[in-house]
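The chains referred to below are lettered A, B, ... by the order of the sequence lines, with proteins before strands, and numbering in each begins at 1.
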Amino acid sequence: MLLSTPLLEIKGLTKGFTGVLAVDHVDFKVGRKEIHAIIGENGAGKSTLCKMITGTYSMDDGQIYMDGKEVHFTGPADSMAAGIYMVYQERNLISYMTGAQNISLNAEVIKGVVVDEKAAMEKAEEIKRQLKVEIPLEVEVEKLGAGEQQLIEIMRAFSATPKLLILDEPTASLGEGEIEPFLKFIKGMTTQMDVSIIYITHKLEEIFQIADKVTVLTEGKVTMTAEIADTSQNKCVKAMIKSDKMKEFAVPVKDYEDLENNKLLEVKNVNYGGKTYDTDFYICKGEVVGFYGLVGSGRTEAMETIAGIRSSDQKHFIFDGEEITSGDSYKMISKGMVLTPELRRNGIFPALNLIENVCSLYINKLATKLGMVKKKESAVFAKTILDENDTKYASINQKISDLSGGNMQKIIIGRSIRVENLKLLVVDEPTAGLDLGAKSEIYVKIRHLADELGKSVVFISSELEELLKTCDRIYVFYNGNVVKELKREDFSKEVILGYTLGGVRSAREAHA
Amino acid sequence: MHKSLNYISKYFLLFADILLIFLLGAFKPRFWQMTNLIDIAATASIIGIMGIGASIVMMVGEMSFGFGAEATLIAAILGGILGKEYIPIYLVAFLIAILFACVVGVINSYFAVILGVPAFIATLALSKLWDAAVTYVNEGRTMYYQNWPDAFRILGQGYIGKIPVSVIVFIIVAIAMWFLVDKTKLGSHIQAVGNNASCCRQMGINVTKIKIFSFVLCSAICGFSGILAASKTGSVAVNLGSGMLLNAIAAAMLSATFLRPGRYNIQGTVAAAFLMAIIKNGCTFYGFPDAVQDIFNGVILLVAVSYIAVTRKEGLPSVKVGG
């Protein structure tokens with residue numbers, strides 16, 4: 001076995017799903033003790049590629065070579081035996097088992113016919129020493145944090161002798177302070193042990209810290225492979241995104257005095273979960289207002305209460321000049337307020353097709369007087385909305401769950417903005433998990449609604465950057481209350497982050 | 001949760017057993033007589049063995065409503081081949097009946113695991129076929145043959161010293177299954193599959209095989225519980241097993257409140273079987289109408305599953321809570 005033979009070499013790997021090539025004739029090599037980053041946007045085919053390497057997916061075409069010999073894996077068990085181990089983005093652990101038991105899962109030491117728990121613990125301790133990590137091994141993994149659980153999964157690879165570790169977005173579940181040490185740990189692993197790593201990510205900063213090589217995937221094809229020293233973040237971004245996919249937009253300068261004469265929604269406080277919160281805010285006609293705050297800061301809860309989705313002991317706000325004290329989401333939709341939910345899965349009917357998903361908001365309009373659904377009209381209506389929003393789909397009769405997140409989001413927003421007499425659209429985390437191109441399309445849509453159609457939009461997000469880019473005003477939430485209002489000309493990242501973390505007392509004191 | 005409270009909830013079934021025996025005896029001390037307590041144990045053994053079968057299938061994350069019909073079918077097969085003297089040797093006939101039970105398990109798993117029909121529907125449908133087969137062979141009557149060998153009655157009516165054979169058999173089955181589930185690799189994998197099947201697949205565990213094994217083992221045990229019940233009554237009634245179905249499911253469900261909250265376990269199934277046997281015996285002893293017993297059983301099952309639903313966000317392996 002020559003050292004110059006790459007550990008893993010794949011040639012012409014191809015895989016299609018329902019007519020679309022997810023991975024399209026991909027070639028690449030992973031050398032020994034190398035960290036090879038694979039980057040690409042969501043849906044670029046990174047995970048599909050790796051699942052073919054582990055044998056989880058069968059390939060339509062292509063060859064895989066380990067140590068120069070062609071291999072055919074029919075499942076993860078085969079690839080594991082060959083020394084390939086993949087750590088998925090979602091945790092793959094038995095929740096009630098301890099760390100040590102999880103590490104030994106299906107590699108248990110048997111004494112007679114009994115599982116030897118002591119040997120499992122010793123083995124886990126040994127791996128812990130080898131990897132120089134600190135982690136409790138005798139605790140049920142459900143009691144560990146996300147980062148620790150991930151570490152257990154990586155340790156599990158070392159219950160055998162792994163040659164190649166595939167890490168799928170490993171830092172996605174880590175908190176701010178955990179990422180740095182984790183990257184060091186990964187880097188240390190390849191310098192101290194004979195192991196190579198395929199590192200899937202879409203965070204460019206990370207690969208420049210640890211990777212030796214980078215391969216860029218775009219729509220299933222390799223658009224760039226380079227030594228990390230020979231490339232730059234800019235070059236990677238260019239390879240990742242086709243320029244025509246990024247949509248540009250501008251936010252027009254608004255006359256706030258003029259706007260304030262046309263208030264659509266005025267709220268003093270909201271009540272939910274038995275408590276009343278101080279949420280002094282208003283939304284004017286034709287403006288995009290951002291709601292920023294940490295998860296649980298009340299930005300979602302406030303709007304869900306107003307939209308009638310969340311139950312409230314007492315309600316009082318003004319919508320379109322009318323005092324509203326009660327009513328569920330159905331009533332608010334008929335008044336022209338639509339909310340698209342924070343969790344995309346709450347906005348779709350996964351088992352239903354595109355027609356049914358689009359038409360769900362219009363069931364009354366698309367039914368006969370006897371309550372029978374008009375099939376033809378529904379299909380025509382659905383198709384109009386799909387096309388208006390540039391949705392990519394194979395057939396109008398396919399299940400919505402087969403679409404990518406970006407396309408689902410286009411349908412959710414697309415059907416919402418067609419609601420008759422729409423006045424206020426509330427979008428909650430609309431860009432979560434979308435790639436840059438798809439995100440930009442959502443921003444353009446939001447601005448179009450406000451600027452050309454004169455509708456109002458509440459844009460709730462955890463990504464401050466996108467709010468700064470698209471909104472006319474921003475409200476900052478903290479502990480359920482509105483603590484700060486900023487107009488576009490006063491936008492400042494520092495100020496907003498300060499209020500987000502509760503740096504300043506309450507809205508009224510701050511105003512005074 | 002407070003530590004002592006945690007302790008109480010973990011051993012609640014056991015406390016309930018003891019408390020009920022104490023209370024029922026407090027008003028009528030004859031309840032405490034050895035013969036009555038032994039009778040409770042004998043009742044618990046039949047419910048408990050079927051409950052253990054049920055727990056095995058529930059541990060892998062599946063649900064079956066076929067336990068009862070399978071028990072009746074297997075008892076009828078044994079009774080039939082012995083009565084019609086196809087095979088006069090009890091042990092051979094017994095093994096053939098259990099083999100049939102295994103075949104039933106394979107059929108269950110064909111639909112539930114290979115085809116992917118939701119198991120509780122597949123087993124419910126199949127149970128109608130087993131019921132029909134028994135009704136057809138018995139011509140709708142309770143099966144009874146004069147020429148059944150004495151061995152037919154030993155399991156349910158025999159004694160070793162003062163202890164009923166059924167109780168001894170129950171102890172053996174419970175210990176064997178506890179050992180399998182808690183001590184062996186196979187048992188550990190059975191529980192792991194119920195917790196996270198996709199993780200098991202990633203780790204190279206053959207989830208399909210584990211599930212099929214569980215269905216077969218479950219049917220064999222349930223068939224055995226049917227033989228035991230038939231032996232006790234000395235006949236095979238058409239509703240022999242279906243009367244035990246809910247108790248068995250309840251025993252398995254209740255086990256998930258015991259010892260390891262959120263996970264079915266053999267120890268808990270045994271404790272729960274005793275709870276139901278005590279209620280059954282107590283109701284008879286005090287002359288309560290049958291409805292009272294049903295109310296007790298229903299309420300206990302509701303309280304148990306509600307407790308799990310409230311304390312365990314992810315639900316149980318075979319009964320997922322929420323979406």
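Annotation: side chain of B:Lys183 is not in contact with side chain of A:Val115 (no heavy-atom distance under 4.5 Å). Counting heavy atoms from C-beta outward, B:Asn196 and A:Leu93 have side chains that stay 4.5 Å or more apart. A:Tyr85 places none of its side-chain heavy atoms less than 4.5 Å from the side chain of B:Gln202.
For B:Phe100, the CZ atom sits in a loose shell: 12 or fewer heavy atoms of surrounding residues, nucleotides or ligands are nearer than 6.0 Å. By the neighbour-count criterion of 12 heavy atoms within 6.0 Å, atom CZ of A:Phe73 is densely surrounded, having more than that number from other residues, nucleotides or ligands. At most 12 heavy atoms of other shown residues, nucleotides or ligands fall within 6.0 angstrom of atom CZ in A:Phe349.
One distance of note links OG of B:Ser188 with CG of A:Leu105; it measures 6.5 Å at 0.5 Å rounding. Between the CD1 atom of A:Ile103 and the CE atom of B:Met203 there is a distance of 10.0 Å, given to the nearest 0.5 Å.
The part of A:Thr56 that comes within reach of chain B is its side chain, from C-beta onward, which places non-hydrogen atoms under 4.5 angstrom from that chain. Using a 4.5 Å cut-off between heavy atoms, B:Arg260 does not touch chain A at all.
Taking every heavy atom of both residues into account, B:Gly204 and A:Ala77 meet most closely at CA-CB, 3.8 Å.
Taking A:Glu153, A:Arg91, A:Met97, A:Arg156 one by one and counting their heavy-atom pairs under 4.5 Å with chain B, the maximum is reached by A:Arg156. Taking B:Thr184, B:Ile205, B:Leu186 one by one and counting their heavy-atom pairs under 4.5 Å with chain A, the maximum is reached by B:Ile205.
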*asked:* If you apply the rule side chain to side chain contact (heavy atoms under 4.5 Å, CB included), what do you find for B:Arg263 with A:Tyr96, and how did you get there?
replied: CA-CA 9 Å; B:Arg263 290 162 62 199; A:Tyr96 62 79; 3.1 Å; yes
*asked:* Let's go through A:Ile94 and B:Cys200 carefully: what are the C-alpha distance in whole Å and the side-chain angles of both, what is the deciding distance for side chain to side chain contact (heavy atoms under 4.5 Å, CB included) to 0.1 Å, and is it a yes or a no?
replied: CA-CA 8 Å; A:Ile94 305 297; B:Cys200 290; 4.0 Å; yes
